Protein chains: 2
Amino acid sequence: MASTCGGRVSRNLTALRRSAPVFAALGDETRLRLLAKLSSGGPLSITQLAAGEAVTRQAITKHLAVLAAAGLVRDARTGRERRWELDTAPLNTARSCLDLVAQRWDQRLERLRALVEDDAP
Amino acid sequence: MASTCGGRVSRNLTALRRSAPVFAALGDETRLRLLAKLSSGGPLSITQLAAGEAVTRQAITKHLAVLAAAGLVRDARTGRERRWELDTAPLNTARSCLDLVAQRWDQRLERLRALVEDDAP
DNA sequence: GTCATATGCAACCTCCTGGTTGCATGTACC
DNA sequence: GGTACATGCAACCAGGAGGTTGCATATGAC
């Protein structure tokens, strides 16, 4: 399961390209903290998320917009509140893309090691 | 093996904070393509990496500097060349951080589901 | 030594990002 | 209806990111 990165090499490159925005969204300390809060604290409103943060509520709103654009969070209105919740799907895709790169490299190293051992036993 | 994200919650947050630069480095299409090239093409020189790319060699140099600052690549001189190679360690750390967030969220959902089923069997 | 190749350094430009402030709107609640 | 809370919208700002061009410097080949 869970492999937008699976398949042929060309598809892998497409998946990598599509993952860039996700990684970019993850590449900010404040946003990572928001994700951590959401992962353990459940659906939270903007004000709740902004509580304890060093920056303005407006800044948090912008960060949430970035996360939403990357598909990492969803919002749902409940009355006058707007609760945000995680979507782990892009997270899994990103993770398997990292796997792919790491695997290819490690396989390379392994082949190289085997070659050396074969050359001088 | 491979878990800077393991341990207590406070440590997890520190790990998340330390992962931000890695994700930021991954959050660019060109840089992802460089990593892909390196993962399958082995140690490559700047000129080799710049070949086929739409941007200047100088731009590639800057991207490599970003990747190096995140610990994702290392360089080694061989004569007048400078060959770059992957380091998958930060990749693994980043991957387990993603795992952590996803797991916590999924556990939350699971607990919620169990609660609902318990409430109305 | 000379020439071509591989890289380094620096200045410069543009645009996006993260952040702020101020004000408007919507919705509970009494 | 009025008040308080939750959010939305817009303008604005500083700094950094990504990119370019031009020139300097090393090093391998002949």
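Everything quoted here is computed from the prediction, not taken from an experiment. Chain letters run A, B, ... following the sequence lines, proteins first, then strands; residues in each count from 1.
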remark   = Taken in chain and number order and not counting sequence neighbours, the residues that satisfy side chain to side chain donor-acceptor pair (under 3.5 Å) with B:S39 are A:R104
request  = May I ask you to say what B:R83 touches in the nucleic acid, namely base, sugar-phosphate or nothing, with a heavy-atom cut-off under 4.0 Å?
outcome  = nothing
inquiry  = With salt bridge (charged side-chain N to carboxylate O under 4.0 Å, His left out) as the rule and sequence neighbours excluded, what pairs involving residues 40-49 of chain A come up?
reply    = none
key: Nucleotide D:dG18, atom P - distance to CG of B:L32 in whole Å   = 12 Å
ask   = Please give, in whole Å, the distance from D:dG16 P to B:D28 CG?
value = 18 Å
Check: protein-nucleotides 26-30 of chain C nitrogen or oxygen pairs below 3.5 Å:
from: C:dA28; atom 1: OP1; to: A:R80; atom 2: N; distance (Å): 3.1

Pairs of donor and acceptor atoms involving the side chains of residues 22-30 of chain B, under 3.5 Å and at least two apart or interchain, shall be tabulated with distances.
from: B:D28; atom 1: OD1; to: B:T30; atom 2: N; distance (Å): 2.9
from: B:D28; atom 1: OD1; to: B:R31; atom 2: N; distance (Å): 3.2

inquiry  = By the salt bridge (charged side-chain N to carboxylate O under 4.0 Å, His left out) test, which pairs, at least two apart or in different chains, include something from residues 38-56 of chain A?
reply    = A:R33-A:E53, A:K37-A:E53
inquiry  = Do B:L91 and B:L44 land in one hydrophobic cluster if side-chain heavy atoms of ILVMFWY residues count as linked below 4.5 Å?
reply    = yes
Contacting residues from residues 51-71 of chain A, given that a heavy atom lies under 4.0 angstrom of DNA chain C = A:V55, A:T56, A:Q58, A:A59, A:K62, A:H63
task = Calculate the interatomic distance between A:E29 atom CD and C:dG18 atom P; express it in whole Å.
result = 12 Å
task = Calculate the interatomic distance between A:W84 atom CH2 and D:dG8 atom C1'; express it in whole Å.
result = 12 Å
Anything under 3.5 Å between a donor and an acceptor, one on a side chain of residues 71-81 of chain B, the other on a protein residue two or more places apart or in another chain? List them.
from: B:R74; atom 1: NH1; to: B:D87; atom 2: OD2; distance (Å): 3.0
from: B:R74; atom 1: NH2; to: B:E85; atom 2: OE2; distance (Å): 3.4
from: B:D75; atom 1: OD2; to: B:R82; atom 2: NE; distance (Å): 2.8
from: B:D75; atom 1: OD2; to: B:R82; atom 2: NH2; distance (Å): 3.4
from: B:E81; atom 1: OE1; to: B:R83; atom 2: NE; distance (Å): 3.4

task = Could you list the residues that satisfy salt bridge (charged side-chain N to carboxylate O under 4.0 Å, His left out) with A:K62, not counting sequence neighbours?
result = none
key: With B:S45 via side chain to side chain donor-acceptor pair (under 3.5 Å) - residues at least two apart   = B:Q48
